[in-house]
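Lettering of chains follows the sequences in order, A, B, ..., and the numbering in each one begins at 1. Predicted, not measured: the structure shown is a model, and the values here were computed from it.
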Amino acid sequence: MAETFQEQLPREVAAWQEERLISEGQARALLARYGLVEGELEARRSGLVTALAFLGALLVGIGVITFLAANWAFVPGWSKLLLIFAAVILAYGTGYWMRYEREWSPRVGNALIFLGALLFGAAIFLIAQGFHIRADEATLLYLWVLGVLPMAYLLGAPSMVALAVVAFAIGLGWELDDLGAWFLPALGRFLMLGILLYALGELHRQSERGRALQPPYTMLGLFLVLGVLYVLSFSWVWEEGWGQSAHGAFSFASPFGRRLGALALAALLFNGLHWLRARGAAAGATAWESLGVFLLLGAAWVVAAAGPSLARAPGSFYPPAAIVANLLLFAVTMGLIALGALEHRPALVNTGILFFGAHLFTRYFDIFGRLLHTSVVFIGAGLLLLFGGMALERARRRLIDPAEAPFAATEGGER
Amino acid sequence: MRRSFRARFAALVGWQLLLLLGLMASRWAILAQGTTVLLSTVPVDPRELFRGEYVALRYGISSLDVDRLAPRAIRPPLDTGDVVYVVLAPADGGARLPWHAVALLDREPAEEDLVRYDPGALFIRGKVTWRWKNTVEVQYGIESYFVPEGEGLPLERAAGTGLTVEVKVDPHGRAAIHRLLLNGKPITRSAR
């Protein structure tokens with residue numbers, strides 16, 4: 001009986017690999033294309049189950065939070081309290097039982113444990129509501145982080161780390177709002193938080209156990225850093241007279257400034273540790289990465305502490321600070337793409353290219369929008385999208401090892 | 001191995017419940033031990049978010065004119081984010097009238113210092129959120145009053161000028177809202 005293509009391919013691929021015609025990664029990509037990688041199809045299916053289960057948990061969590069938020073008068077306070085305590089214990093208990101005791105549906109079990117973490121947050125806000133604690137009290141969110149983060153480490157759950165990081169970032173935003181922080185100092189602080197998260201993520205990547213928890217730190221950190229740099233790259237951000245000097249609550253010496261200083265020091269420490277642990281070719285890349293982190297922290301300090309004074313730029317075509325921010329954004333996206341290509345990390349390449357494309361397109365409208373006729377601007381933008389997008393996609397595919405491409409989009413794919 | 005993992009998981013669930021109980025206990029302690037203080041308030045800008053509907057309360061002591069307080073009150077430098085202690089004294093007509101601020105300090109006053117301002121004085125802890133010349137805005141953590149859905153706006157409309165808040169203040173100056181009073185009468189859910 002004639003051999004089918006599916007039967008022939010694995011043998012051929014093995015031979016090509018042996019003859020060094022293709023790399024191990026390329027071999028895996030070829031086999032994955034025809035569903036011939038063991039467990040690959042199953043992994044994709046279970047990914048769908050995980051996504052659906054987490055979506056379900058999220059919807060139930062939001063439903064419970066909004067039900068409690070409605071503060072129905074006909075439900076006595078103590079019964080709402082009992083209900084939420086019971087819900088937290090039930091979600092955690094059932095999740096644990098399904099995930100670790102019976103193991104018949106570990107993904108749904110994980111989602112239920114995540115639901116427990118959401119309900120724990122809902123319980124904090126229910127108590128705050130009952131005692132009329134100020135609605136924007138950042139301590140409430142920090143309490144949520146304090147409860148969820150140890151659990152995330154015990155279970156090795158990246159979703160819980162993401163929840164804790166997002167809650168912390170919102171808490172920081174509330175705190176800044178309380179202090180009446182102006183736009184630029186607030187952006188500087190979020191930039192610093194982003195750098196810290198990225199450095200923490202890199203440190204987690206150094207150990208087998210930490211690697212599972214790395215993606216939320218790295219990716220949320222990167223999106224914060226690049227997002228803030230993107231906003232800072234607009235000239236209007238620097239042209240506004242924010243009317244606030246770089247003193248007071250936002251000076252280096254203020255209690256808040258000192259806390260931010262501790263965050264920045266932690267970022268440097270984590271990145272330094274990462275550098276020390278890096279070996280071989282990775283050490284060179286890490287050295288450049290550390291330099292980038294160091295420079296960005298400096299920039300974050302300047303924006304956070306002296307931002308409003310910098311904003312008083314003369315009405316030139318482009319304020320000098322905005323030019324620096326553009327150069328920084330360009331350097332960081334390029335560095336990220338290079339690092340991703342060097343270390344075969346598709347998530348870094350994809351993120352770098354995404355922000356590079358957005359940056360390019362924005363500056364095109366920014367600059368040419370003022371100089372050219374509207375119709376020409378739109379035709380140019382269309383061409384830029386068509387050909388620029390195509391070029392970026394080709395570059396992206398070339399930079400990412402083909403072996404990594406099929407797994408690049410998944411959460412666990414970030415390495 | 002599995003048993004120890006289960007024990008650690010249970011301990012962390014217990015840790016979360018402990019945090020919740022701790023949050024409740026800290027507020028109960030203020031409400032149980034605190035001295036009752038009446039503050040005049042104006043509800044502003046009811047909002048509805050994930051956290052529920054509430055009325056944002058602005059007090060007579062939220063905005064302080066440093067020049068009009070006792071001479072021992074602190075002078076600049078005072079910045080946003082600074083923790084301050086506001087000395088409150090009951091109105092001349094009795095404790096059932098709104099209290100007012102008599103001094104603004106940068107450290108916790110001792111008992112003997114308080115009586116110098118007023119025999120019945122106490123202090124409340126706050127955080128500076130804004131400062132302009134001699135005016136200081138202070139936040140005390142009692143600026144939200146949660147109401148059932150749809151009751152925020154009517155409350156704001158009905159309030160007029162007769163709205164006061166009964167606040168409990170503990171010996172360290174931490175405050176918690178006890179109840180809301182409209183023309184001296186407690187507003188309870190059944191009454192609304």
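- A distance of 8.5 Å separates CD1 of A/I133 from CZ of B/F146, quoted to the nearest 0.5 Å.
- Here B/S40 pairs with nothing under the side chain to side chain donor-acceptor pair (under 3.5 Å) rule; sequence neighbours left out.
- Within a 6.0 Å sphere centred on CD of B/E111, heavy atoms belonging to other residues, nucleotides or ligands number 12 at most.
- Checking side-chain atoms of A/H132 against main-chain N and O of B/Y145 turns up no donor-acceptor pair under 3.5 Å.
- Only the backbone of A/A128 comes within contact range of chain B, with at least one heavy atom under 4.5 Å from a heavy atom of that chain.
- Counting heavy-atom pairs closer than 4.5 Å to chain B, the top residue among A/V88, A/L155, A/L126 is A/L155.
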Go through the steps for A/F131 and B/I177 under the test side-chain contact (heavy atoms from CB on, under 4.5 Å), then give the verdict. CA-CA 7 Å; A/F131 287 102; B/I177 292 178; over 6 Å; no
Sequence neighbours excluded and cut-off under 3.5 Å, please list the side-chain donor-acceptor pairs for residues 11-27 of chain B, or say none.
from: B/W15; atom 1: NE1; to: A/L146; atom 2: O; distance (Å): 3.1
from: B/Q16; atom 1: OE1; to: A/Y92; atom 2: OH; distance (Å): 2.7
from: B/Q16; atom 1: NE2; to: A/Y92; atom 2: OH; distance (Å): 3.1
from: B/Q16; atom 1: NE2; to: A/G147; atom 2: O; distance (Å): 2.9
from: B/S26; atom 1: OG; to: B/L23; atom 2: O; distance (Å): 2.8
from: B/R27; atom 1: NH2; to: B/A175; atom 2: O; distance (Å): 3.2

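- Comparing B/Q139, B/K127, B/E137 by how many heavy-atom pairs each has under 4.5 Å with chain A, the most go to B/Q139.
- You'll find the side chain of A/M151 reaches within 4.5 Å of the side chain of B/F9, heavy atoms only.
- With contacts defined as side-chain heavy-atom distances shorter than 4.5 Å, the pair B/F5/A/Y96 qualifies.
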